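Every value quoted in this text rests on a predicted model; they were computed, and no experiment measured them. Keep in mind that the numbers below use all heavy atoms, side chains included, and drop hydrogens, waters and symmetry copies.
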Amino acid sequence: MDITFLNPGVDDMVQSILAFQEEGETGFWSQPLYHFYPQLDRTCAALPFPQRKEYIARTLRTVYTQLEDTINKKVRLYSHHWAVCRGQINDALADAFRVDCAGLFNDLRCHVSMNPIAPRFLRERRFDVFYLNSERGAVGLAIHELIHFVWFYVWNQLFDDSYGEYERPSLKWILSEMVVESVMRDPRLSSINPYFPREEGGCIYPYFFDMEAGGTPVLDTLDQMYRAQPIREFMQSSYAYCLEHEGEIRAHIQKSEGCASLS
């Protein structure tokens, strides 16, 4: 696998940001923008989306003119650190997924972006990283996204389903987000990810940490399964487990994201 880091330009960044500002989006996804950009008046969140969209876009275009040089420097910094770490990442993911990762996804693009929410686009083979990350942080987040790319590559071969089923809020997306922590435990990955372990912030969404199903922490159950089973068997059994407990899983996420919207 290989990644080209680049500045996608302000138009792409604004479009990426606005995707998380639409009507009905929870504060978990929409509010970080106002934390990182105090130039935005929080009262604009109450505006109808067309006016809010115009205001956010206009304001952030102005902010971009001040950040462009910094973002371009981060592109070079992230690219250099990725080149240092690439080999061991490929080796670790090849062992985890039993595929030749060095021959996969050599056309991935990472957009170094103003968006504090870093989306991925599996079919387009690209993802975002927030420009405020250090070079170690950017590579740590890149590992998270690479796990998704390889996970769904193997998953698709196993289930022969559609890539359209792999995005939020599907259960397949939820499972893929939870299992990242287990894969990341490989010392070749965890040692170069400054967000691992949980005490350092964690490499998955924090609302998974206290999620339970049947009175047992979900992440503990998934980790035990991951350690005990070959990857394809684990994919089948972990998804069956999530289907069995889907109600509890979704209720926990809904409650956690709802609380975030009130903060």
Leu146 CG to Arg120 CZ distance, which is reported to the nearest 0.5 Å: 11.5 Å

same_hphob_cluster(Leu132, Phe20) at 4.5 Å side-chain heavy-atom cutoff: yes

For Gly9 against Tyr64, the heavy-atom pair lying closest together: CA-OH, 4.3 Å

Gap separating the CE atom of Met184 from the CG atom of Leu93, nearest 0.5 angstrom: 8.5 Å

Rounded distance [0.5 Å steps], CD1 in Ile231 versus CZ in Phe97: 5.0 Å

Distance (rounded to the nearest 0.5 Å) between Asp69 CG and Leu67 CG: 9.5 Å

Any side-chain heavy-atom pair of Met13 and Pro8 under 4.5 Å: yes

Hphob cluster co-occupancy, Leu171 + Ile147, side-chain heavy atoms under 4.5 angstrom: yes

Closest non-hydrogen atom pair between Gly27 and Pro32, with its separation: O-CD, 3.6 Å

Salt bridge present between Glu181 and Arg198 (N-O < 4.0 angstrom): yes

Listed partners of Lys172 passing side-chain contact (heavy atoms from CB on, under 4.5 Å), at least two apart: Trp155, Asp161, Glu165, Tyr166, Ser170, Tyr239

Partner residues of Glu54 under the side-chain contact (heavy atoms from CB on, under 4.5 Å) criterion, sequence neighbours left out: Arg58

ILVMFWY cluster, Leu189 and Val99 together (side-chain gap under 4.5 Å): yes

Minimum side-chain heavy-atom gap Ile56-Tyr34 below 4.5 Å: yes

Which residues share a salt bridge (charged side-chain N to carboxylate O under 4.0 Å, His left out) with Glu135, sequence neighbours left out: none

Intermediate values then yes/no, side-chain contact (heavy atoms from CB on, under 4.5 Å), Leu60 and Met114: CA-CA 9 Å; Leu60 293 183; Met114 293 170 60; 4.1 Å; yes

Between side-chain atoms of residues 207-222 and protein atoms elsewhere (two or more places apart, or another chain), which donor-acceptor pairs fall under 3.5 Å?
from	atom 1	to	atom 2	distance (Å)
Tyr207	OH	Glu257	OE2	3.2
Asp210	OD1	His252	NE2	3.0
Thr221	OG1	Pro217	O	3.4

Test log, rule side-chain contact (heavy atoms from CB on, under 4.5 Å), inputs Tyr195 and Glu200: CA-CA 5 Å; Tyr195 302 125; Glu200 300 299 329; 5.5 Å; no

Shortest non-hydrogen contact between Arg42 and Gln31, atoms and distance: NH1-OE1, 3.1 Å

Residues in side-chain contact (heavy atoms from CB on, under 4.5 Å) contact with Gln236, at least two apart in sequence or another chain: Leu158, Phe159

Test item: Leu6 and Arg109 side chains (from C-beta on) under 4.5 Å apart, heavy atoms: yes

Residues which pass salt bridge (charged side-chain N to carboxylate O under 4.0 Å, His left out) with Glu23, listed by chain and number, not counting sequence neighbours: Arg52

His148 and His144 aromatic ring geometry - parallel, tilted or perpendicular at 30°/60° bounds: perpendicular

Cluster check Ile174, Phe121: I/L/V/M/F/W/Y, side chain < 4.5 angstrom: no

Any residue meeting salt bridge (charged side-chain N to carboxylate O under 4.0 Å, His left out) with Glu233, in chain and number order, not counting sequence neighbours: none

Which residues share a side-chain hydrogen bond (donor to acceptor under 3.5 Å, both in side chains) with Arg123, sequence neighbours left out: none

Phe234 side chain reached by Met225 side chain, heavy atoms, under 4.5 Å: yes

For Cys101 against Ala94, the heavy-atom pair lying closest together: SG-N, 3.4 Å

Near-ring test Tyr205/Trp29, centroid separation under 6.0 angstrom: yes

Spacing of Thr59 atom OG1 and Gln39 atom CD [to the nearest 0.5 Å]: 8.5 Å

Where at least one partner belongs to residues 9-20, residue pairs that pass side-chain hydrogen bond (donor to acceptor under 3.5 Å, both in side chains), sequence neighbours excluded: Asp11-Arg61, Asp12-His111, Ser16-Asn115, Ser16-Asp128

For Glu246, all residues meeting salt bridge (charged side-chain N to carboxylate O under 4.0 Å, His left out), sequence neighbours excluded: Arg250

Within-4.5 Å side-chain heavy-atom neighbours: Arg232 and Val154: yes

Closest contact, heavy atoms only, Gly140 versus Asn193: CA-OD1, 3.5 Å

Side chains of Val183 and Trp151 in contact at under 4.5 Å (non-hydrogen atoms): no

Residues forming a ring-ring contact (aromatic ring centres under 6.0 Å, His included) with Tyr37, sequence neighbours excluded: none

Shortest non-hydrogen separation from Asp41 to Tyr55 and the atoms involved: N-OH, 2.9 Å

Reported OG-to-CD distance for the pair Ser182 and Gln224, which is rounded to 0.5 angstrom: 10.0 Å

Criterion side-chain contact (heavy atoms from CB on, under 4.5 Å) on Ile192 and Ile143, from CA distance to verdict: CA-CA 9 Å; Ile192 56 175; Ile143 297 170; 3.9 Å; yes

Shared hydrophobic cluster, Tyr226 / Leu243 (ILVMFWY, side-chain heavy atoms < 4.5 Å): yes

Side-chain touch Ser113/Val129, heavy atoms, less than 4.5 angstrom: no

Chi angles and distances behind the side-chain contact (heavy atoms from CB on, under 4.5 Å) call for His245, Tyr241: CA-CA 6 Å; His245 297 283; Tyr241 168 80; 3.4 Å; yes

N/O donor to acceptor pairs below 3.5 angstrom from side-chain atoms of residues 72-82, sequence neighbours left out:
from	atom 1	to	atom 2	distance (Å)
Asn72	OD1	Asn7	ND2	3.0
Asn72	ND2	Glu68	O	3.3
Lys74	NZ	Tyr131	O	2.6
Lys74	NZ	Asn133	O	3.1
Tyr78	OH	Tyr131	O	3.0
Tyr78	OH	Asn133	O	2.5
Ser79	OG	Val75	O	2.7
Trp82	NE1	Asp2	OD1	2.8

Heavy-atom donor-acceptor pair, Glu145 side chain to Phe127 backbone, under 3.5 Å: no

